Amino acid sequence: MYKYDNYDQQMVDERVLQFRDQTRRFLAGELPEDEFLPLRLQNGLYVQRFAPMLRIAIPYGMVSSRQMRKLAYIARRYDKGYVHFTTRQNLQLNWPRLEEVPEILEELASVQMHAIQTSGNCIRNTTTDQFAGVAYDEIIDPRPWCEIIRQWSTFHPEFAYLPRKFKIAVCGSEQDRAATQVHDIGIHAFLNENNDVRFKILAGGGLGRTPMVGSIIKPSLEPEHLLSYLDAVLRVYNRYGRRDNKYKARIKILIKALTPAVFSKKVEQEWSYLKETEAKLTQQEIDRVQSFFSEPDYPELTNINLTDLALSSESDFQWWLRRNVHPHKKPGFSAVTLTLKATADAPGDASAEQLEAISDLADEFSFGELRVSHEQNLIFADVPQRRLHELWLNLKPLNLATPNQGLLTDMICCPGGDFCALANARSIPLAENIQRRFDDIDFLHDIGELDLNISGCMNACGHHHVGHIGILGVDRKGEEYYQVQVGGASGHDASLGKILGPSFKMDEIPDVIDKILKTYIELRTPEERFIDTCRRVGIQPFKERVYAKAA
Amino acid sequence: MPKLLKDQQISNDDFQVLLQAPEEPILPEGHVLLHISSIDHAIKANGRHNGQVGIWFDSADEPETVANTLHQFEVIAINFPKFIDGRGYSLARLLRERLDYPGDIRAIGDILVDQIYYLRRCGFSSFRLREDQNPDHALAALQTFSADYQATADKLSPVYRLRHQL
């Protein structure tokens, strides 16, 4: 894991002082609300429906047990004893007091954490694969590059007042687990024919009002030019992105207007002036950052037969092994997902007690480290397979062994109208309705891999466009309704879902989902996943079934 | 008179910013800044006027189009119509780094204390503060951070290079 040196530490400490002063001036009436707004947003501080909301960065999803204990402490001391993990490898506190935010930032800085640029019209926290460094299908470890981008984007003086927010995701595996194609910039690390690291750069993806899949603007970039190239992309966006209309201000709109080819040319021209300057990365620095992500001290183990292990154990454990335990590049090791999706708990929420217990388990089972996924789950990346059962026994009483990773009930879900001032509808109670209706684990496993994504409004924090089933909260004459889409996906084969038809009331949604699932079961070929059936048959059969009763 | 922060000093900014191209090639007394659309006026007046003549860009203007003439001016200003309009930061870096403009680059318009640090890093060398801003706070804001991660127009080495210097 990356460790701050004096420079890094000094900068987060100075940030705390800066924000303390800005908060003081705001509270003293010296800094008007509209001028404090971009400053507090760049420190992750929103003013929400009931209270401020503070968004804390978990850069590329890595967090140590020590940091996690500090987060638990902060949740208890400054909030109501729980935290919410988001789809962008961040966590949110829902009830901090504005006056205490500088103190929270100081606590965070003491464990090398921060809330820098987790919001606002600037470059946001860079995200990646939750299995980075341990994935069986990894080509390049994306984490050093994420850290290099983290540093470059932190306090970037030219790009703190962009037309709109700006999100970057990096992926270095065969499977894309970071939804890179729906980011403003997606970076795919790969090896070229000479086995040299190269980056493919995509730009202009994004969800929200005008969802789009990104386009390739640079098929192959040498690593030393990563930062100068990003500077060039951002500069073109900063100068030419629209500022007249908030809804047309994202880079995707600019790229669509110019076409990806013309945008790419403009970037190349800009880059030609930047590439051989001080912005060029040095090999020593690449080596230094990479050294923090070397392998932990893995003991020599051999793979054990997980099927045999499953057969000899309880059925709950069997389900958990099948769903929540993932292949690992090292023999004898597995990665394990703790889904924060137990029925009746708000998706992505964890209590301070859970965080502390998880920290202890991380120390005991996984080198003292954890990961956060964009599906709002936590991951132990390095668990010896022979200790999986023991870990499971520890997780069960914590309500953290729900065997539903990647299934219908492991939904992505934004905080919705219960917390968010932007939402048109609630999403947490809807998630609970669905979890209660589909609580038959045999049925869920029969349905198999299925991404259900719920957003409470068009801003699409719950990524509904790229859910295999996506649900969007809409406002119809002051009442909350839900629109249903099918066929979205967020991997390398990213696609946007198609709307089935008129929206539904909350209590109708479980039936709608049931009809969609039954349609799938009838139409699927053996071994065919839900998304593959959707792609093969289109939305028409689903539509007919869902709206049949009206006929 | 608006306050000017320049060379770590606070003074009065006695430049007059002319919003429109003057009808007559006669300029008001004293130091003036003409908009880029009047650059021909500005070039003619430069050296003959009883004060300094500079030019100013608005956030959507493109300094590249007049690259060859910029070195004739000792002061170029970039206007921030609203502090959240970040285009001026890119313009300043273009002037400093690509067009090698050596003179004074002045931030004008909606210039707030909390922008000063980033403006300086992008190549601005003087700051005409909005009237209600506290000049002492602005001066202090120049010291917000003691190191920086990026290579920008202030020519200071970014941290990723400093780390490997002996």
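Predicted, not measured: the structure shown is a model, and the values here were computed from it.
- Comparing A:E270, A:Q18, A:R243 by how many heavy-atom pairs each has under 4.5 Å with chain B, the most go to A:R243.
- Residues B:F83 and A:E35 meet the side-chain proximity criterion, which asks for heavy atoms closer than 4.5 Å.
- At a 4.5 Å heavy-atom cutoff, B:D154 makes no contact with chain A through either its backbone or its side chain.
- A 6.0 Å sphere centred on NZ of B:K82 holds more than 12 heavy atoms belonging to other residues, nucleotides or ligands.
- B:Y149 OH to A:R150 CZ: the interatomic distance, rounded to the nearest 0.5 Å, is 4.5 Å.
- For A:T154, the parts lying near chain B are the backbone and the side chain together; criterion is any non-hydrogen pair under 4.5 Å.
- For chain B, the nearby part of A:Q22 is the side chain; its heavy atoms alone come within less than 4.5 Å.
- Of the listed residues (B:S146, B:A92, B:A60, B:C122), the greatest number of heavy-atom pairs within a distance under 4.5 Å of chain A belongs to B:S146.
- Between the side chain of B:R161 and the backbone N or O of A:E278 there is at least one donor-acceptor pair closer than 3.5 Å.
- A 4.5 Å side-chain heavy-atom check between B:F145 and A:R15 finds at least one atom pair inside the cut-off.
- Here CD of B:Q133 is found 10.5 Å from CD of A:E30. Values are rounded to the nearest 0.5 Å.
- Counting non-hydrogen atoms of other residues, nucleotides and ligands closer than 6.0 Å to CG of B:D132 gives a total above 12.
- Other residues, nucleotides and ligands contribute only 12 or fewer heavy atoms inside 6.0 Å of the CD atom of B:E29.
- Of the listed residues (B:V159, B:L112, B:D114, B:T152), the greatest number of heavy-atom pairs within a distance under 4.5 Å of chain A belongs to B:D114.
- Contact of A:L17 with chain B is not made at all, since no heavy-atom distance falls under 4.5 Å.
- Proximity to chain B is limited to the side chain of A:D5, based on heavy atoms less than 4.5 angstrom apart.
- In plain terms, the two heavy atoms of B:L94 and A:R235 that are nearest each other are CD2-NH1, 3.8 Å.
- The structure places CG of A:L31 at 12.0 Å from CG of B:N134, a figure rounded to the nearest 0.5 Å.
- Both the backbone and the side chain of B:D85 come within less than 4.5 Å of a heavy atom of chain A.
- Proximity to chain A at a heavy-atom threshold of 4.5 Å picks out nothing from residues 5-13 of chain B.
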Working note: A:T277 + B:R98, criterion side-chain contact (heavy atoms from CB on, under 4.5 Å); need CA distance, chi angles, decisive distance, verdict.
CA-CA 11 Å; A:T277 64; B:R98 186 184 312 171; over 6 Å; no
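- In this structure, chain B has heavy atoms under 4.5 Å from both the backbone and the side chain of A:Q151.
- Identified by a heavy-atom distance below 4.5 Å to chain B, the contributing residues of residues 221-232 of chain A are A:L227, A:D231, in residue-number order.
- A distance-only check finds a donor-acceptor pair linking the side chain of B:Y160 to the backbone of A:A279 [under 3.5 Å].
- Note: B:S90 leads B:S157, B:A151, B:S90 in heavy-atom pairs under 4.5 Å with chain A.
- Residue B:L119: no heavy atom, backbone or side chain, is found under 4.5 Å from chain A.
- If you measure heavy-atom distances from A:L274 to chain B, the contacts under 4.5 Å come from the side chain alone.
- By the 30° and 60° cut-offs, the orientation of the rings of B:Y89 relative to A:Y161 is parallel.
- For the pair A:F155 and B:Y118, the minimum side-chain heavy-atom distance is below 4.5 Å.
- Among the residues in residues 282-293 of chain A, those with a non-hydrogen atom closer than 4.5 angstrom to a non-hydrogen atom of chain B are A:T282, A:Q284, A:E285, A:R288.
- Within the 4.5 Å cutoff, the side chain of A:E158 has no heavy atoms near those of the B:Q150 side chain.
- Partners of A:D21 under the side chain to side chain donor-acceptor pair (under 3.5 Å) rule, at least two apart in sequence or in another chain, are A:R24, A:R25.
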So B:T144 and A:E14, side-chain hydrogen bond (donor to acceptor under 3.5 Å, both in side chains) or not? Walk me through it.
CA-CA 7 Å; B:T144 304; A:E14 285 165 348; over 6 Å; no
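- Of the charged side-chain nitrogens involved, at least one lies within less than 4.0 Å of a carboxylate oxygen, so that B:E64 and A:R239 count as a salt-bridged pair.
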